[in-house]
Amino acid sequence: SVSGDYVLIAPTHSGNTNISVSGSLSVVELPTSEGNHVTLSAGTDLAVVVPLNVGIGTVTLSAGGGLSLGDKVTADTLNVTTGGNLNLTSDVDNLNATIRNGGDLVIQQIGDIEIDSLDMSGGDVTIIATGAVTIKNFTGFGGKVTIIADKGIVLNNTAHLDSLTLNAKNGGVSGNINTSTLNLNATGTINLVIQGAVVVEQLATTTGAISLQSSGDMTVNSTDVAGG
């Protein structure tokens with residue numbers, strides 16, 4: 001790691017990138033190509049103005065302060081750590097994200113996404129994907145979480161959430177969740193195990209195949225079920 005604040009302008013750079021600074025880092029120009037591995041780390045704020053497209057490669061972004069991305073990230077694997085809010089436009093297969101200091105996370109994803117690790121510190125989460133969304137491990141604690149997927153949604157494990165809204169437009173919803181309030185809309189099978197008490201504000205499916213199990217009290221305020 002080098003000391004100070006830096007602006008990176010590298011129009012002729014090629015190959016892998018590994019840059020770590022103790023202060024802020026602003027990336028203005030950085031060519032990337034298929035299979036590259038890009039690591040950018042800042043002790044305070046990290047701003048990446050350019051798109052990062054490494055195809056089957058890996059992108060790792062870390063900021064002790066804020067992390068801002070001005071364009072899309074395309075990669076097989078994206079690792080992000082930030083001390084504030086993150087608004088991400090992505091086309092990635094796998095994501096590991098750590099959001100500190102109560103920051104919010106917004107993801108607009110092209111295609112399917114598998115979130116291997118999501119560690120929140122009380123902020124809200126919004127995920128909008130044109131494919132399926134799978135969250136393997138959700139740790140910490142979350143505020144208002146909303147997931148809208150064109151395909152199915154799988155939640156293998158979640159931290160406690162204030163509220164959870166799931167909308168699987170062309171698929172089912174399954175997994176294990178921990179939330180005080182649930183809104184659920186799917187076109188496929190619903191199979192959820194809920195830790196603790198929950199209030200289901202809305203439950204809607206076009207198939208009628210529903211299994212909700214809760215270890216605490218469950219209150220269902222509204223249902224719209226068709227088929228069977």
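For this chain, numbers begin at 1 and follow the sequence in order.
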Could you check L52, V27, L86 and say which one makes a side chain to side chain contact (heavy atoms under 4.5 Å, CB included) with L61? L52
Shortest non-hydrogen contact from S174 toward L192: C-CD2, 3.6 Å
Which atoms form the tightest heavy-atom contact between P11 and E29, and what is the distance? CB-OE2, 3.2 Å
Backbone N/O of A132 and side chain of D112: donor-acceptor pair under 3.5 Å: yes
So, for G57 and A75, which heavy atoms are closest and what is the spacing to 0.1 Å? O-CB, 3.6 Å
How many angstroms lie between OG1 in T205 and CD1 in I210, if you round to the nearest 0.5 Å? 5.5 Å
Stepwise, does the side chain to side chain donor-acceptor pair (under 3.5 Å) test hold for N79 with N96? CA-CA 5 Å; N79 306 303; N96 297 283; 2.9 Å; yes
Quick one: does Q202's side chain get under 4.5 Å of L184's, heavy atoms only? no
Looking at every heavy atom in both Q108 and N87, which two are closest together, and how far apart are they? NE2-OD1, 4.2 Å
Starting from the C-alpha separation in whole Å, work towards a yes-or-no answer on side chain to side chain contact (heavy atoms under 4.5 Å, CB included) for R100 and T81. CA-CA 8 Å; R100 301 188 175 118; T81 300; 3.2 Å; yes
Are L46 and L8 connected in a single hydrophobic cluster, I mean Ile/Leu/Val/Met/Phe/Trp/Tyr linked by side-chain heavy atoms less than 4.5 Å apart? yes
Measure the spacing between CG of N170 and OG1 of T187 and express it to the nearest 0.5 Å. 5.0 Å
Begin from the C-alpha positions of D124 and K144 and carry the test salt bridge (charged side-chain N to carboxylate O under 4.0 Å, His left out) through to its verdict. CA-CA 5 Å; D124 298 338; K144 178 181 178 181; over 6 Å; no
Nearest heavy atoms of S22 and S3, plus distance in Å: OG-CA, 3.1 Å
Going by the side chain to side chain contact (heavy atoms under 4.5 Å, CB included) test, name the single residue among V92, N36, T77 that passes it with T58. T77
Beyond-backbone contact of K136 with L118, side-chain heavy atoms, under 4.5 angstrom: no
Hydrophobic cluster membership, I127 vs F141, 4.5 Å side-chain cutoff: no
Under 4.5 Å between side-chain heavy atoms, counting indirect links through other Ile/Leu/Val/Met/Phe/Trp/Tyr residues: same cluster for V199 and I194 or not? no
F138 and side chain to side chain contact (heavy atoms under 4.5 Å, CB included): which single residue from L161, L155, N178 fits? L161
Quick one: are T219 and N221 in side-chain contact, heavy atoms under 4.5 Å? yes
Using the rule side chain to side chain contact (heavy atoms under 4.5 Å, CB included), only one of V73, N53, T32 pairs with V59; which is it? V73
Between G111 and T130, the two heavy atoms sitting closest are N-OG1, 2.5 Å
